[in-house]
Amino acid sequence: MAYRNLEITHRGAVHTIVVNRPDKLNALNRETLNELTLAFAQAAQDDAVRVVVLTGAGEKAFVAGADIAEMNGYTPVQAQAFSRAGQRLMSSIERLGKPVIARIQGFALGGGMELAMACHLRVASEKAKFGQPEINLGLIPGFGGTQRLLRLAGRGAALELCLTGAVINAQRAYELGLVTRLVAPEALDEAVNTLADQLAVAAPLAAAGILDAVLQGGESAIDQGLEFETQGFALAFSTEDMREGTTAFLEKRKAEFKGR
């Protein structure tokens, strides 16, 4: 389908979604949230898609936040609905069952940082900036920022960033665990493409199992998480992925030993 605020491209099994509102620094209005929700639902259902890359148009911003001009007129009831729509989108990304990589080239603020944190991996340019500045508007994060920031960076960092509204550089975000790979601006596309290509050829059911174990099992007590892992491990033995992967590994190991 045609989108007003997104551009979607395919490169083999890699599916790229671009938030395309550069004149608004790719800010998230309600229409964009709805389009992203639909785009990720379609990616989830498409077996040809193995990996999703999410980014923003232009060099200035990944996503600079929610659309403040639109939010400014909301009633509390409308604000609640907007928050829930954003949280549904973030949860759908996190639970997609396929790896999602955030390509972060500029500002990732407010809703943009929340969007990045919902992705499984975050590759950032050294010029990227991060923050949850909602307190400066008399608000609190509404798309999951208090919760995912807490889980990724810890209570101290979550409280500091949310209470001060500070914008931090990419190096500090990397140190806090908010960025998984940090690269020079000119190396960003190559780093994202290399990672996406690696994940695109990984066993898809095993990848889905890892995502489930880490994201869902990780929210449980350790014993429950370990049992979740055991069930996923056992289930993998029923898949063609496991048989093909094991056979290929043993053949490679045999060839390596012969070469010695």
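Basis for what follows: all heavy atoms, side chains included, without hydrogens, waters or symmetry-related copies.
Linking ILVMFWY residues whenever their side-chain heavy atoms come closer than 4.5 Å, directly or via other members, leaves Ile168 and Val183 in distinct clusters. Criterion: ILVMFWY side-chain heavy atoms under 4.5 Å apart, direct or through other members. Under it, Val19 and Val49 are part of a common hydrophobic cluster. Residues Met117 and Leu28 share a hydrophobic cluster, clusters being chains of Ile/Leu/Val/Met/Phe/Trp/Tyr side chains in contact below 4.5 Å. A continuous path of Ile, Leu, Val, Met, Phe, Trp and Tyr side chains, each step under 4.5 Å between heavy atoms, connects Leu36 with Ile93, placing both in one hydrophobic cluster. When hydrophobic clusters are built by joining Ile, Leu, Val, Met, Phe, Trp and Tyr residues whose side-chain heavy atoms come closer than 4.5 Å, directly or via intermediates, Ile104 is grouped together with Met90.
Aromatic ring centres of Phe82 and Phe143: separated by under 6.0 Å.
A distance of 10.0 Å separates CG in Leu33 from CG in Asp67, rounded to the nearest 0.5 Å. Annotation: the span from Asp197 atom CG to Arg50 atom CZ amounts to 12.5 Å, rounded to 0.5 Å. From Leu176, atom CG reaches atom CD of Gln171 across 10.0 Å, with rounding to the nearest 0.5 Å. Distance CG/Leu38 to CG/Leu6: 9.0 Å, rounded to 0.5 Å. The CD atom of Glu186 lies 8.5 Å from the OG atom of Ser125; values are rounded to the nearest 0.5 Å. Rounding to the nearest 0.5 angstrom, the gap separating the CG atom in Asn20 from the OG1 atom in Thr55 is 11.0 Å.
With respect to the salt-bridge test (charged N to carboxylate O, under 4.0 angstrom), the residues Arg148 and Glu94 qualify.
The minimum heavy-atom distance between Ala191 and Val123, with the atom names listed, is CB-CG1, 4.2 Å. The heavy-atom pair separating Leu25 from Ala61 by the smallest distance is O-CB, 3.6 Å. Between Ser83 and Gly142, the shortest heavy-atom distance links the atoms OG-O, 2.6 Å. Closest approach of Gly165 and Asn136 over heavy atoms only: O-ND2, 3.8 Å. The shortest non-hydrogen separation linking Pro133 to Gly110 is CD-N, 3.5 Å. For the residue pair Ile17 and Ala39, the shortest heavy atom distance occurs at CD1-CB, 4.0 Å.
Using a 4.5 Å heavy-atom threshold, the side chains of Asn29 and Arg21 count as touching. Counting only heavy atoms from C-beta outward, the side chains of Arg151 and Glu219 approach each other to under 4.5 Å. A 4.5 Å side-chain heavy-atom check between Arg155 and Glu160 finds every atom pair outside the cut-off. At least one side-chain heavy atom of Leu115 sits less than 4.5 Å from a side-chain heavy atom of Leu89. Annotation: side chain of Val192 is in contact with side chain of Leu188 (closest heavy-atom distance under 4.5 Å). Side-chain contact between Ile222 and Leu226: present, with at least one pair of heavy atoms (C-beta onward) separated by less than 4.5 Å. Using a 4.5 Å heavy-atom threshold, the side chains of Leu161 and Leu149 count as touching. Residues Ile101 and Leu195 meet the side-chain proximity criterion, which asks for heavy atoms closer than 4.5 Å.
In the displayed structure, Ile140 atom CD1 is contacted under 6.0 Å by at most 12 heavy atoms of other residues, nucleotides or ligands. Crowding of Arg181 atom CZ: a count of heavy atoms from other residues, nucleotides or ligands under 6.0 Å not exceeding 12. A 6.0 Å sphere centred on CZ of Arg95 holds no more than 12 heavy atoms belonging to other residues, nucleotides or ligands. For Glu70, the CD atom sits in a packed shell: over 12 heavy atoms of surrounding residues, nucleotides or ligands are nearer than 6.0 Å. Within a 6.0 Å sphere centred on OH of Tyr74, other residues, nucleotides and ligands contribute more than 12 heavy atoms. Within a 6.0 Å radius of NZ in Lys98, more than 12 heavy atoms belonging to other residues, nucleotides or ligands are found. Within a 6.0 Å sphere centred on CD of Glu190, other residues, nucleotides and ligands contribute 12 heavy atoms or fewer.
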Review point. What do the steps show when you test Glu35 against Arg4 for side-chain contact (heavy atoms from CB on, under 4.5 Å), and what is the final call?
Key: CA-CA 8 Å; Glu35 289 188 0; Arg4 284 168 50 91; 3.5 Å; yes
Exercise for review: Assess whether side-chain contact (heavy atoms from CB on, under 4.5 Å) is satisfied between Arg11 and Asn193, documenting all intermediate values.
Suggested key: CA-CA 10 Å; Arg11 185 175 57 82; Asn193 290 340; 3.5 Å; yes
**Study point:** Derivation of the side-chain contact (heavy atoms from CB on, under 4.5 Å) call for Asp46 and Gln42
**Key:** CA-CA 6 Å; Asp46 188 346; Gln42 291 175 333; over 6 Å; no
Practice item. Go through Met71 and Ile68 one step at a time and tell me if the side-chain contact (heavy atoms from CB on, under 4.5 Å) criterion holds. Key: CA-CA 5 Å; Met71 287 196 310; Ile68 297 172; 4.2 Å; yes
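When atom types are taken as modelled, the side chain of Gln231 and the backbone of Phe228 share no donor-acceptor pair closer than 3.5 angstrom. At least one donor-acceptor pair under 3.5 Å links the side chain of Gln105 to the backbone N or O of Gly56. In this structure a side-chain-to-backbone donor-acceptor pair under 3.5 Å is missing from Gln132 to Gly145. Between the Ser238 side chain and the Leu235 main chain, a donor and an acceptor come within less than 3.5 Å of each other. With hydrogens and angles disregarded, a donor-acceptor distance shorter than 3.5 Å links the side chain of Arg122 to the backbone of Leu178. Put simply, the side chain of Asn169 never gets that close to the backbone of Lys129: no donor and acceptor are under 3.5 Å apart.
Note on residues 10-69: pairs passing ring pair (Phe, Tyr, Trp, His ring centres under 6.0 Å), not counting sequence neighbours, are His10-His15.
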